[in-house]
**Q** 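I have a structure I would like to understand better, so I am pasting it below and will then ask my questions one at a time.
Residue numbers start from 1 in every chain, and the chains themselves are labelled A, B, ... in the order their sequence lines are given, proteins ahead of strands.
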Protein chains: 2
Amino acid sequence: MDSLGIGALARKAGVRIDTVRYYERSGLLAPKSRLPSGYRRYGPGELARLRFIRRAQALGFSLREIRELLALSKGRDVARVKRTAQTKLADVEARIAALHRVREGLATLIAACPGHGDAADCPILQALGGEGPGASQLPHSPELGAQR
Amino acid sequence: MDSLGIGALARKAGVRIDTVRYYERSGLLAPKSRLPSGYRRYGPGELARLRFIRRAQALGFSLREIRELLALSKGRDVARVKRTAQTKLADVEARIAALHRVREGLATLIAACPGHGDAADCPILQALGGEGPGASQLPHSPELGAQR
DNA sequence: TTACACCCTGGACTATGGTGCAGGGTCATG
DNA sequence: CATGACCCTGCACCATAGTCCAGGGTGTAA
């Protein structure tokens, strides 16, 4: 039979055994069956599901979102799956935009810093430390704090 | 005197009182002095430092990195401050690049998904779930998992 | 003096995504 | 049957950045 123990499954998917058990605790991946001893047994479907989880994580989905995606895929509601992916895309684009602003702020400060001399002449320290208009060149977007 | 209690300081900087105490525990911000009762007292320097911390966070620095930045600024080693900022800039740029790959992967899948019909026809589910070449259109960069 | 806002410490708890360990039981090979 | 690899459960722990609470003490003004 092409059924796998937890160790073989983990090796095939490139994750740790503990991670597989963690996913099970999190309601993401249940074994196909159990031996009378309690040993978990997995089939090819479980391997595919585990790979799904890893790939979705690489796309920036959280485990909670992946759980929803898996539930959706069981209901074969393709429209909702697509909408979820679209929402995620918008989210990723917002994060990119926020990071662009961070990059501009940093680049501006680095360009203005002589790289030597007294700390009082360093715009990086000035801009961050000042309470006056010196800080106005920094991005101020609220969502930057929400960078998960 | 223009010295502040912890509540006034927190209000001026737009953070919570607990957060100020948390920063103190983390070695980021010590009070200027204490009353005999133990009450913390802060001067304008501490307010500036607290604002520094918040702005640096908005630039994507972690508290650990901010602690290093603050230590550096005390040593007035401007060159090292600049190098730290440059390292952070490279880090931000790598995160942007990783998110770009995520975006391309998602956009490709969304474009190919009909948005209706059977789940078997949904490339989002297919690409994620398959173990064959279907997954090859997805980004595979290892640093994506390391998205802090 | 009383009222009330403010402050103290220490510890528990939140969410996320795991990792590690103790103390056992089981499976397969020689 | 012995050995070693594998597996079980349950629990504690990691980092990050806080948040909240209990059970007190203090500062100030009417």
Side-chain angles (χ1 to χ4, degrees), chain A residues 1 3-42 46 50 52-68 70 91 95 142-148, chain B residues 1 3-42 46 50 52-68 70 91 95 142-148:
Chain A
M1 276 157 276
S3 96
L4 302 164
I6 191 170
L9 179 82
R11 261 193 309 280
K12 285 212 178 210
V15 304
R16 305 206 186 192
I17 287 178
D18 291 317
T19 304
V20 176
R21 282 196 278 250
Y22 173 70
Y23 289 166
E24 184 176 344
R25 272 205 306 287
S26 306
L28 286 163
L29 181 70
K32 200 185 65 182
S33 62
R34 296 258 192 167
L35 295 185
S37 59
Y39 280 31
R40 293 164 177 87
R41 291 271 103 190
Y42 300 92
E46 283 70 37
L50 181 49
F52 178 111
I53 293 167
R54 289 262 110 183
R55 292 201 186 99
Q57 269 194 310
L59 283 185
F61 290 87
S62 71
L63 293 188
R64 175 212 295 255
E65 290 167 327
I66 294 167
R67 195 161 46 235
E68 286 158 16
L70 286 165
D91 187 76
R95 278 204 268 167
E143 74 269 37
L144 285 183
Q147 248 174 63
R148 2 341 169 26
Chain B
M1 274 158 278
S3 95
L4 302 165
I6 192 169
L9 178 83
R11 261 193 309 281
K12 285 213 177 208
V15 302
R16 306 208 185 192
I17 287 179
D18 290 315
T19 303
V20 176
R21 282 197 278 250
Y22 173 69
Y23 288 167
E24 184 176 345
R25 272 206 306 288
S26 307
L28 286 163
L29 181 70
K32 200 184 63 181
S33 61
R34 296 257 192 167
L35 295 185
S37 59
Y39 279 32
R40 293 164 178 86
R41 292 272 103 190
Y42 300 92
E46 283 70 38
L50 181 50
F52 178 112
I53 294 167
R54 290 261 111 184
R55 292 202 186 99
Q57 271 193 309
L59 283 186
F61 289 87
S62 71
L63 294 187
R64 176 213 294 258
E65 289 167 329
I66 294 168
R67 194 161 48 234
E68 285 158 17
L70 286 165
D91 187 76
R95 278 202 269 166
E143 75 269 34
L144 285 182
Q147 248 173 65
R148 348 4 162 24

**Q** Nearest to the side chain of A:Arg54, heavy atoms from C-beta on, is which of C:dC7, C:dG18, C:dT9?
**A**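 Comparing C:dC7, C:dG18, C:dT9 against the side chain of A:Arg54, the answer is C:dG18.
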**Q** Any side-chain heavy atom of A:Tyr39 within less than 4.5 Å of one from A:Ile6?
**A**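 Side chain of A:Tyr39 against side chain of A:Ile6, heavy atoms only: no contact under 4.5 Å found.
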**Q** Just wondering, do A:Arg41 and A:Arg34 contact through their side chains at under 4.5 Å, heavy atoms?
**A**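 A side-chain contact is absent here, since even the closest heavy-atom pair is not under 4.5 Å.
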**Q** Taking the nucleotide of DNA chain D with the closest heavy atom to each, which residue, A:Arg25 or A:Arg41, is nearer the 5' end?
**A**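 Whichever sits nearer the 5' end wins; that is A:Arg41.
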**Q** On DNA chain C, check which nucleotide each of B:Gly7 and A:Tyr23 is closest to and give me the residue with the more 5' one.
**A**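 Upstream on the strand: B:Gly7.
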**Q** With sugar-phosphate meaning primed atoms plus P, OP1 and OP2, does B:Ser26 contact a base, only sugar-phosphate, or nothing at under 4.0 Å between heavy atoms?
**A**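 Nothing, no nucleic acid heavy atom in range.
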**Q** Quick check for you: among D:dG18, C:dC8, C:dG17, whose closest atom lies nearest to any side-chain atom of B:Ile6?
**A**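 Closest nucleotide to the B:Ile6 side chain: C:dC8.
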**Q** If you count every heavy atom of other residues, nucleotides or ligands that lies below 6.0 Å from A:Arg64 atom CZ, does the total exceed 12?
**A**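 At most 12 heavy atoms, drawn from other residues, nucleotides or ligands, come within 6.0 Å of this atom.
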**Q** Once each nucleotide of nucleotides 21-30 of chain D is scored for protein heavy atoms under 4.0 Å, what B/S/- sequence comes out, 5' to 3'?
**A** ----BBS---
**Q** Indicate whether OP1 or OP2 belonging to C:dG18 is found under 4.0 Å from a side-chain N or O atom of A:Gln57.
**A**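 Answer yes for this pair, as a side-chain N or O of A:Gln57 is under 4.0 Å from OP1 or OP2.
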**Q** Any idea which of C:dG18, C:dC8, D:dC8 is nearest the B:Arg40 side chain?
**A**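 Of C:dG18, C:dC8, D:dC8, C:dC8 is nearest to the side chain of B:Arg40.
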**Q** Which pairs would a plain distance check flag for residues 11-22 of chain A, meaning a side-chain donor or acceptor within less than 3.5 Å of a matching protein atom at least two apart in sequence or in another chain?
**A**
none

